[in-house]
Every structure is written in structure tokens, then in C-alpha cells.
Amino acid sequence: MSDSKIRVRFAPSPTGGLHLGGVRTVLFNYLFARQHHGKFILRIEDTDQSRYVPGAEDYIWRCLQWCGLLPDEGPHVGGPFGPYRQSERKNIYQTYAHQLVEQGQAYYAFDTPEELEAKRREQPNFQYDVHSRWQMKNSLTLPAQQVKDLLQQGYPYVIRIRMPENTTLRMHDLIRGEVEFQTEQVDDKVLLKADGMPTYHLAVVVDDYLMQISHVFRGEEWLPSTPVHLLLWEYLFGKQHMPQWAHLPLILRPDGHGKLSKRDGDRLGFPVYAMDWTDPFTGETTRGFREMGFLPEAFVNMLALLGWNDGSGQEIFTLEELVERFSIERIHKAGARFDFEKAKWFNHEWIKRLPASHFAPEVKKIFAQHQIPIPQDNQFLQVLELVKERCNLLTDFVAQAGFFFQPPATYDRAAIEKKWNPQMKACFEAWMATLTDLVPWNATTLEQSLQEVATRHGLKKNDCLLPLRIMLVGGKFGPPVFQIAERLGKAETRQRIQRALQHF
RNA sequence: GCCGCGUUGGUCAAUCGGCUAAGACGCCUCUCUUUCACGGAGGAAUGACGGGUUCGACUCCCGUACGCGGUACCA
């Protein structure tokens, strides 16, 4: 592949949250473009005005930003092939649609939506195609003069592609190999809608040509409509300019059947969108991976491995490594089921690998949301570093690190009930006294001193560990208990023991 | 219904005719740690089915089954 002209695009329609499958499509486009030193373009496919959702386009942009997969050209950054919003290119498509009619490869159709609906009701399998178009109201069946009149009167019409008869269309897909279609089987798709806007089919082909797209990575759900695109390329621009196709396997839901959807996430308790999305009409917010506590590095890494692997068994990759190793040949053909447990594992791995400073700002935000006081940076970082191996999600830091900055609100009494007794209480009281003079204050000296006091009281040090933990953190979690005490400092440690002793 | 695409453990998956079928997640056992993790050692668990082709098929071909996608003036 010659690198110089590699141009790929992600072309979402701004109708809501950005689905994880969408992000994976972005990722594969991005990796391919970077690897070949080409361009990655963002194009907004907003040709359906009835589905326009305010804020969705901006949201998509922010998702790409969070993932670190920003395009080289697009509505927010501009570029030499703009505008990058299809609604702003309306008249371009009209010209091509009419050209097709003139060439006899498309035709005007005057059937109203109601008429079509009625037709489908009486004939459940109705398809507007090679066979049925002769019974419909269009420029193929109506007398030329009537067509002219209708057009002149401004009677609403659409332009439909005229699928040829008895033709086999062949296409080479980079992932699936040779794919064949019989033109008879595909319908006369609408190219230009009554409102003058193109449908996806016309718009992709026109824009992919005008924007000089060299490779199309898109979801497998588009495979059945490629014959229309193939024909359009042939009719309008010549197949020699056609991009190469790569239809990506779908991301399936973890249980039952079907494509993963937002509703599955709600139902099963995991995110499907990259970031929180609030529907501007209903005000309903759908949780995103970011807000659920995912690191973009992990999110992207996890997505890359859903349908692709480099064959070496390596699973943790940086974006740079992915750019280097990515290859179309190693994309799987079959759909992949999304597994939230594995997604969390990726996140855990990335939390362990990255220095705390990398995600501290995000954790601070989470702490603020939970009203947990945030100390000075170096102290904060040290604590995060100490507990990060216990956190799968960034939100886990609340439970794993929050107690360092805030005394426990409750005590897990049940955990120590069996071991707690008056001697032990006496032991802790005695220890409190010795603690005043403990120098230096660290995990080792703390342990030694408890050892001594415990022995003196006829107790085993180890039996005191869990009670001490409950006093300091409130529950059975956190790093080794003497490290916690060291970190907490003398005053705070004594205070917490003191307070707990009153409760026990 | 029709068309297209797919099918290796529960999940992600390696294998491009030689397999006693990798690895990872999850699960279980042990170990470390008297918390929870991390780390370490083990374990259970897989080629949809039927025909070919071949000395030899998980790998190639054909059927069947099953799954998914599409079948809108949505993308």
C-alpha cells in the first residue's frame, strides 16, 4: 500500500451517545491512518433532519478527545475538503442525483410514504425493486409528459437508483475476501429524499470520492447495502477511484443475542457509551466508561482487542504500539461478545502500570464528588501509589484510599467480635500510651512496639491486627495495617484508636 | 420469507494440513498475606453437525443446523 494517499474517515450520525462499537471503528481507522502516515477525517452524517439531536456532534468530538483519537480533518479542525458536515453540502448531492437520472441509472418516484406503507401492509415482503417498480408511481411507469408536469408543479418526489437486472456484483473486502451480490435481490434504494437531502447511500459515495477516501472501515451492518455503493461508484466516478472496503465484525451483547445496545448496558449494569450522555429531550443520562472510572488507555486497549490481536499473545498495548502492530489481516471475521469483566481487567492492568500522577487529577474529581478531603499532591500521590493495585476502576479509590483522609464513619464490628475482649482493650490502651514516645514513626517500629505490648498482655500480636485495622479504616480492606498507621501519622493514628476504643 | 456474513472452552482468542488444540479474562484449589489485593503454583472447561478431498483435517470443498446483520424518504 502506498502510504502517501491513505485517507480514512469516521462518519457518525449525531443522534446520541457514542457507542463502544463506534469508538472501535474510530480506533481502527485511526490506527490505519497513523501507521501509514495518512489522514484521519471526521465527517458528520447529519442528513436526517428528523433525527437531529443538539449537542451530539460536540459530544462525539469530546469522546474522541478523551480517547486520544483526534482527526486530522473535520468540522472542528477544518481541512481542505470541507465542509465536513453533510447538511452543509446539500446541493452537491442534488447535482449528482440528477446526473444519475439523466444517465438513466436513477429515476423519479412519486409514491407517497403513505402509499408505500399501504403497499407493505398488503404485501409484507414488499420491496421496491426490479420487479415491483413497474407497478409504482415513477418516471419509469408514468408518461413523460405527466412526469414533467408533476415535477413542474413541485409534486414531492424522491430519486431512486435503478438496480440493473440479472447482474452479479462482486467486491473484494479486506476482511472477508470476495463477496457477491445479485442485483435482483437489492432494492431500488432512495438516493435523494423528498426534502432534498441525500440518503446515506448517495452521500457516502459522493463524499468519499470528493474527500479522496482510500479505505473504508465500517461496521458489518453496512455489508448488505454495498452493492448500491458499488453501482454508484461505477456510475458516478469510476470504480478505479473506489476506496477499498473493510467491514468490521460487530460487537455483540454479552448475554442473549444481537448487537450491543445502550439498553443492554442499563440492564446488565455496565456502560456502552464512551462518556456520560444526557439526552437533551428527556434529560435522561446514560453512564459512560469515563465516568464509570475507566482510563482512556484501557478503554482503547480493550477495544482494540475486540476483534483483533497481534498473534503474539500480548494483550496490553499502548496506542503507539497499536499503531505499529495493527494489521487488517489480523482482524477477526466473527462478531465479538463484549465482556465487562475483561474490560475491568484491562483497566486494572493500566492502573497498576501507570504512575499515580497520571490519573490523580481524575481521582481528585471523584473524591470531590464524594466530599472526601484532598491533601497535598505528594501525599495524595503516595497514597494512590500505595493502593492502586487494589483498584479496578478509578472510582474504587474512594473505598481504597478515602480512609487515609477521613476517619471511618462506621466500624465493621462483626469482623472482630470473636477476638475482642477486655485484655485486648487493655492492651490497646497501653499501646496508646507507648505510642506517644515512639521514634521514629514507621511501619517497622510500630509493629515492634505492638509486638512488645501484646506479649506483655499475654496476647499475640497477630490477633491484634484485625482489630487495629478496623479502628483505623473501619473495615477489612486496605494496604498492610502498619503502613496505614505510618502514613496516617502519630496524631491521627492515636486519635482513631482512641475514638474506636470508646465504641468497642 | 429473501439476501449477506459468520461458527475453536462461559467470554476474548492462537492455529494459516501434522494437535498430546497456545495464551488471556472469569471460575476453582493451593501458596503468599491473619484484611483486601498483588505475586506464585496447579485445575476444570473448546474445534456446531454430516459428507467429501487428503497418508493426514480445527484448518480446504459441499451441504445442514444455528447465530448475527440487512431487507426505511435511519444511519
Side-chain angles (χ1 to χ4, degrees), chain A residues 11-15 45-48 50-51 86 109 111-113 116-117 120 124-129 156-160 173 175-176 179-182 184-187 189-201 203-204 218-227 247 249-250 252-255 257-259 302 305-316 329-330 332-346 348-349 352 387-392 396 399-400 412 415 419 460-466 468-470 473 475-481 484:
Chain A
S13 72
T15 51
E45 311 230 330
D46 55 349
T47 54
D48 186 355
S50 68
R51 294 214 303 163
Q86 292 185 329
D111 321 84
T112 64
L116 289 170
E117 206 177 303
R120 274 188 265 269
N125 292 332
F126 174 77
Q127 188 169 267
Y128 208 123
D129 61 14
Y157 68 86
V158 300
I159 292 180
R160 308 187 87 110
D173 186 276
I175 295 171
R176 279 145 228 288
V179 183
E180 278 189 10
F181 308 91
Q182 298 301 325
E184 244 90 333
Q185 303 294 344
V186 353
D187 59 330
K189 283 258 180 308
V190 169
L191 264 21
L192 196 73
K193 299 185 264 190
D195 65 359
M197 276 293 199
T199 58
Y200 171 84
H201 308 291
V204 241
R218 53 166 25 166
E220 194 187 349
E221 69 265 30
W222 293 108
L223 203 46
S225 56
T226 12
H247 288 92
L250 264 19
L252 276 9
R253 32 201 280 203
D255 66 336
H257 319 290
K259 273 200 289 189
M302 179 268 301
L305 274 281
L306 224 46
W308 175 87
N309 73 83
D310 82 337
S312 73
Q314 181 178 341
E315 294 196 277
I316 303 298
E329 300 75 50
R330 296 204 61 92
H332 228 248
K333 290 182 176 70
R337 256 188 190 98
F338 174 67
D339 180 1
F340 190 48
E341 292 307 315
K342 185 84 186 230
K344 282 195 289 196
W345 174 80
F346 274 107
H348 189 198
E349 289 301 309
K352 282 191 290 181
V387 307
K388 69 181 189 183
E389 70 187 22
R390 276 153 244 263
C391 299
N392 289 313
D396 291 341
Q400 294 298 336
D412 182 357
K419 285 177 181 163
K460 285 189 195 141
K461 177 209 71 181
N462 283 348
D463 287 335
C464 302
L465 260 31
L466 195 57
L468 176 58
R469 171 177 299 279
I470 304 298
V473 321
K476 289 162 70 169
F477 49 86
V481 71
I484 296 176

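Computed from heavy atoms alone, side chains included, the values below leave out hydrogens, waters and symmetry copies. Nothing here was measured: the structure is a model prediction, and the numbers come from that model.
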Review point. Taking the side chain of A/E221 as heavy atoms from C-beta outward, which of B/A75, B/C12, B/C25 is closest to it?
Key: B/A75

Review point. Which atom names give the shortest non-hydrogen contact between A/I175 and A/K333, and what distance separates them?
Key: O-CE, 3.4 Å

Review point. So what does the secondary structure string of RNA chain B come out as, 5' to 3', with Watson-Crick or wobble pairs under 3.5 angstrom, [ ] for crossing and | for pairs with another strand?
Key: (((((((..(((.....[....))).(((((.......)))))....(((((..]....))))))))))))....

Review point. With a 4.0 Å cut-off on heavy atoms, is A/R176 in touch with a base, just the backbone sugar-phosphate, or nothing at all?
Key: sugar-phosphate

Exercise for review: Supply the atom-to-atom distance A/K342 NZ to A/H348 NE2, rounded to the nearest 0.5 angstrom.
Suggested key: 14.5 Å

**Study point:** Touch class at under 4.0 angstrom, heavy-atom based, for A/H348 against every strand present
**Key:** sugar-phosphate

Check your understanding: Out of B/U71, B/A14, B/A75, which has the shortest distance to the side chain of A/Q127?
Key -> B/U71

Exercise for review: Describe the nucleic acid contact of A/V179 in one word from base, sugar-phosphate, nothing, applying a heavy-atom distance below 4.0 Å.
Suggested key: sugar-phosphate

Review point. At under 4.0 Å between heavy atoms, what does A/G475 touch on the DNA or RNA strands: base, sugar-phosphate, or nothing?
Key: nothing

Check your understanding: Side chains of A/P198 and A/E45: does their closest heavy-atom pair fall under 4.5 Å?
Key -> no

Practice item. Using a 4.0 Å heavy-atom cut-off across all strands, classify A/A336 as base, sugar-phosphate, or nothing. Key: sugar-phosphate

Point to revise | Span that lies between the C1' atom of B/A45 and that of B/A65, in whole angstrom | key: 24 Å

Check your understanding: Is there a donor on the side chain of A/K419 or the base of B/U34 sitting less than 3.5 Å from an acceptor on the other?
Key -> yes

Point to revise | d(CG, A/D173; P, B/C5) in whole Å | key: 10 Å

Point to revise | Whole-angstrom distance between B/U53 and B/A14, as gauged at atom C1' | key: 26 Å

Review point. Between the side-chain atoms of A/R390 and the base atoms of B/C36, is any donor-acceptor pair under 3.5 Å?
Key: yes

Review point. Once you round it to whole Å, what is the distance between P of B/C12 and CD of A/E341?
Key: 14 Å

Review point. Rounded to the Å, how far apart are A/L250 CG and B/U11 P?
Key: 17 Å

Revision key, fill the gap. Here the distance between atom P of B/U11 and atom CZ of A/F338, to the nearest Å, is 15 Å

Review point. Which heavy atom in A/V158 sits nearest to a heavy atom in A/A194, and how many Å separate them?
Key: CG1-N, 3.7 Å

Review point. With a non-hydrogen cut-off below 4.0 angstrom, is A/R218 in contact with a base, only sugar-phosphate, or nothing?
Key: nothing

Practice item. Tell me which nucleotide among B/U34, B/A75, B/C5 gets nearest to the side chain of A/L465. Key: B/U34

Check your understanding: Less than 4.0 Å between a side-chain N and a carboxylate O, is that true for A/R120 and A/E117?
Key -> no

Exercise for review: For B/G47 and B/C66, measure between their C1' atoms and round to the nearest Å.
Suggested key: 16 Å

Exercise for review: Figure out the CZ/P separation between A/F477 and B/A37, and round it to whole Å.
Suggested key: 13 Å

Practice item. Could you check whether A/V190 gets within reach of a base, just the sugar-phosphate, or nothing at all, counting any heavy atom under 4.0 Å? Key: sugar-phosphate

Practice item. Report yes if a side-chain nitrogen or oxygen of A/R160 is closer than 4.0 Å to either non-bridging phosphate oxygen (OP1 or OP2) of B/A72; otherwise report no. Key: no

Review point. Looking only at side-chain N and O atoms, does A/K352 come under 4.0 Å of OP1 or OP2 in B/G39?
Key: yes

**Study point:** Pairwise P distance, B/C3 and B/A72 [rounded to whole Å]
**Key:** 16 Å

Practice item. Could you tell me whether A/E180 contacts a base, only the sugar-phosphate backbone, or nothing, with contacts defined as non-hydrogen atoms closer than 4.0 Å? Key: sugar-phosphate

Exercise for review: For A/G335 and for A/P12, find the nucleotide of RNA chain B with the closest heavy atom, then tell me which residue's nucleotide is more 5'.
Suggested key: A/G335

Exercise for review: Go through B/U71, B/U7, B/A24 for me and flag the one nearest to the A/D187 side chain.
Suggested key: B/U71

Review point. Using the P atom in both, what is the distance from B/C62 to B/A24, to the nearest Å?
Key: 36 Å

Practice item. Choose from B/U35, B/U15, B/A24 the nucleotide whose nearest atom is closest to any side-chain atom of A/E315. Key: B/A24

Review point. Rounded to the nearest 0.5 Å, how far apart are CD of A/Q185 and CG of A/D129?
Key: 8.5 Å

Review point. Given B/G69, B/C2, B/C38, which nucleotide is nearest the side-chain atoms of A/E389?
Key: B/C38

Review point. Counting just side-chain N and O atoms, does A/T112 come under 4.0 Å of either OP1 or OP2 of B/C73?
Key: no

Review point. Between B/U34 and B/C25, how far is it from one P atom to the other, in whole Å?
Key: 26 Å

Check your understanding: Is A/R120 near enough to B/C73 that one of its side-chain N or O atoms lies under 4.0 angstrom from OP1 or OP2?
Key -> yes

Point to revise | A/H332 side-chain N/O to B/G6 phosphate OP1/OP2 under 4.0 Å | key: no

Review point. Only one of A/E315, A/H332, A/R330 clears side-chain hydrogen bond (donor to acceptor under 3.5 Å, both in side chains) with A/N309; which?
Key: A/R330

Exercise for review: Assign A/D48 to base, sugar-phosphate, or nothing according to its heavy-atom contacts below 4.0 angstrom with the strands shown.
Suggested key: sugar-phosphate

Point to revise | Integer-rounded Å distance: B/U34 P and A/D412 CG | key: 19 Å

Practice item. Using only heavy-atom distances, decide whether a donor-acceptor pair under 3.5 angstrom links the side-chain of A/K342 to the base of B/A24. Key: yes

Review point. What is the distance from CH2 of A/W222 to P of B/G4, rounded to the nearest Å?
Key: 20 Å

Exercise for review: Check whether any side-chain N or O of A/N125 sits under 4.0 Å from OP1 or OP2 of B/U71, and answer yes or no.
Suggested key: no

Exercise for review: Please tell me which of A/P156 and A/D463 maps to the more 5' nucleotide of RNA chain B, matching each residue to the nucleotide holding its nearest heavy atom.
Suggested key: A/D463

Exercise for review: Identify whether any heavy atom of A/P480 sits under 4.0 Å from a base atom; if not, whether one sits that close to sugar-phosphate; answer base, sugar-phosphate or nothing.
Suggested key: base

Review point. Do A/R176 and A/L223 come close enough that some side-chain heavy atom pair is under 4.5 Å?
Key: yes

Exercise for review: In sequence, state the C-alpha distance, the side-chain angles, and the governing distance for A/T226 and A/H247, and then conclude on side-chain contact (heavy atoms from CB on, under 4.5 Å).
Suggested key: CA-CA 10 Å; A/T226 12; A/H247 288 92; 3.6 Å; yes

**Study point:** Gap in Å between the two P atoms, one belonging to B/U71 and one to B/C61, rounded
**Key:** 29 Å

Exercise for review: Could you check if a side-chain atom of A/F346 sits within less than 4.5 angstrom of a side-chain atom of A/I316, using non-hydrogen atoms only?
Suggested key: yes

Exercise for review: Assign the ring pair A/W222 / A/H201 to parallel, tilted or perpendicular, where the plane angle (0 to 90°) is split at 30° and 60°.
Suggested key: perpendicular

Review point. Given the P atoms of B/G63 and B/G26, what is the spacing between them in whole Å?
Key: 42 Å

Check your understanding: Does NZ or CZ of A/R160 lie under 6.0 Å from the centre of the six-membered ring of A/Y128, at an angle within 45° of the ring axis?
Key -> yes

Review point. Between the side-chain atoms of A/R337 and the base atoms of B/U11, is any donor-acceptor pair under 3.5 Å?
Key: no

Check your understanding: Does B/C74 have OP1 or OP2 sitting under 4.0 Å from an N or O in the side chain of A/K193?
Key -> yes

Exercise for review: Give the nucleotide from the list B/A14, B/C74, B/G69 with an atom nearest to the side chain of A/R330.
Suggested key: B/A14

Check your understanding: Rounded to the nearest Å, what distance is computed from the CD1 atom of residue A/I175 to the P atom of nucleotide B/G69?
Key -> 18 Å

